[in-house]
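A short worksheet on the structure shown next.
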Amino acid sequence: MLRFASTYALQTMRRNALMTSVAIGTTAVLLLVLSTIAVIVVSIDAGVQALQSRVNVIAYLKDGTSPAALSALESEMRSRPDVAVVTYISKDEALKRLQKQFASHPGLLGAIKDNPLPASLDVRLVHPSAATDVGKALQAQPSISDVIINEDVVNRLVTAGRFVRLVGAVMVIGLSVAVIFIMTNVSRLAIFTRRAEIEVMRLVGASEWFVRWPFVLEGALCGAAASLSSFLIVAAGYHSLIPVLRGSFAFLSLPVDPLLLPKLLLLGLLIGVGVGVLGSLIAVRRFWEPATS
Amino acid sequence: MTTFDPIIRLDNVSKCYLNGVLALQSVSLTINPGEFVFLVGPSGSGKSTLLRLLLRDERVTTGRIFVAGHNLLRIQPGAIPQFRRRIGVVFQDYKLLPRLTAFENVAFALRVHGFHDARAIRERTIAVLELVGLRAQADRYPATLSGGEQQRVSVARALVTGPDMLLADEPTGNLDPDNALAIAELLDQINTFGTTVVVATHNRDLVDKFRRRVLQLDQGKLVRDEESGGYTLALAATGDSLGESTLPLDGRRPLTLPEGSR
Ligand SMILES: Nc1ncnc2c1ncn2[C@@H]1O[C@H](COP(=O)(O)OP(=O)(O)OP(=O)(O)O)[C@@H](O)[C@H]1O
Ligand SMILES: [Mg+2]
């Protein structure tokens, strides 16, 4: 039964080779877009994850704050449950850090006589959502002059992630509709080229689904072929891109899921086969001539 | 015979095709299980139409039709495949699947009937191909077979499933006399094992030789229903002096359905 259905489906696919390749091609494009978007979203999420641990609140101290006030402030901050680490950065240390950053332009800082940098507290948070609360608490302290929340990069990444997801979803939905439409027409053509045989099968007593099933199988095979070919492209692209990305975004230390590719393959197969089956099911329902007039 | 309901019963059946051709007019008949019936009549008289109605390939226009316990006017579309599986059919135009070999065409019918065991399918198919004398041609495609060979593949396909009823439309139309006789004897043999057989044919020799019940159609009307009949009404035997060969009936068998026959 399965062997009959599959030889039958393969024969039909060969007979309608052009339409079949169009169907496989468009499905592959759909899956390619889907995979690319998935990889981008996963990378952005990984970046957000990596950066979130670095969200910190920096509180600049007024010059002349007494050591006693400073240590009181430090211990108050440490006792907060949403604060992970509090580091004191003295004026000298701040200058040293700055000099390190400008190591290639020693002349620039050479001109500075007096250290203009204030001392500061670098407050690391347990969770980035606490940033505003902690910032407000610090701002309320008399010895604090300024508070900055270092979360800009994260926010931008989160926004970018949302945007990619939205655009991706729209593209994937649009492409899916197109692919289902094409698949439906491929099956419709297949049914049309096979109509004489369908008639004979019916007269011999074949049940409706016995006759329909090869067409649905054909849709599934198209979808599977598309997902495999798009996966090969994605895998190749991924392997050649990852080293480049690692190099240029080393600071993000992207923790890339080692199962990403297998997951993509599975997702691709699921969607490819799903779309293929759906398209042919629609055709089998809509273009199936009634058994007897 | 009295204990069986008829396997085929037509009450005043008429068939008018969509183009307006009246192919059958008020045909009433019953056929009991196990009967062997020849259906004769000139070309265009409605023989194929009658067989198509019996298979529920076409629907009757007026009248009532019962086949194998089903009222074919009422049968649910979902029940039709199951119904057709009880009937083996040899089509006038063979209706073989062109992309399957002779073997696969016959085996296909078994698959449709829910056979899964590859060995059973193979052995049954080979046996039936042997019966119709086509063992050697098993792996050929219909397009490479002669008309008579294709016809015999069609016979094999109809027989392989062991149907309750066999409808054969010109099963010997493309065969030489020897092969025609062989096929007819095969059908006769199937009949002795209990299968009801209805054969539409133009083959005078066969009808005259086998002397079975003959139903004769003319222009859509049933004009003769004769037990042990010949291809044409034997005027000499009745001693009829009318000299008219298209007598509406021969009187030996009532054409109208006896009440209480069900
Ligand atoms: N599908 C159809 N649509 C319209 N008219 C049809 C159709 N099939 C058959 N007819 C007409 O119905 C009449 C009976 O045809 P049918 O095929 O039953 O004859 P037949 O007795 O089988 O003839 P033959 O011996 O040539 O096979 C003919 O006049 C034919 O033209
Ligand atoms: Mg005919």
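As a basis for the values below, the full set of heavy atoms in this structure was taken, side chains included, without hydrogen atoms, waters or symmetry mates. Everything numeric in this text was worked out from a predicted model, so none of it was measured. Within every chain, numbering begins at 1; the chains are lettered A, B, ... in the order of the sequence lines, protein sequences first and strands thereafter.
- Taking every heavy atom of both residues into account, B:R85 and A:A206 meet most closely at NH2-C, 4.3 Å.
- Separating the CG atom in B:D57 from the CD atom in A:E199 is a distance of 6.0 Å, to the nearest 0.5 Å.
- One distance of note links CG of B:L97 with CE of A:M201; it measures 5.0 Å at 0.5 Å rounding.
- Scanning for side-chain hydrogen bond (donor to acceptor under 3.5 Å, both in side chains) contacts around B:Y17 gives B:T49, B:R52, with sequence neighbours left out.
- Atom CD of B:Q219 has 12 or fewer heavy atoms from other residues, nucleotides or ligands within 6.0 Å.
- When each of B:R157, B:K95, B:R84 is paired with A:V204, the side chain to side chain contact (heavy atoms under 4.5 Å, CB included) condition holds for B:R157 and for no other.
- Only the side chain of B:F91 comes within contact range of chain A, with heavy atoms under 4.5 Å apart.
- Summarising the geometry of B:R111 relative to A:F210, their closest heavy-atom pair is O-CE1, 3.9 Å, with the distance given to 0.1 Å.
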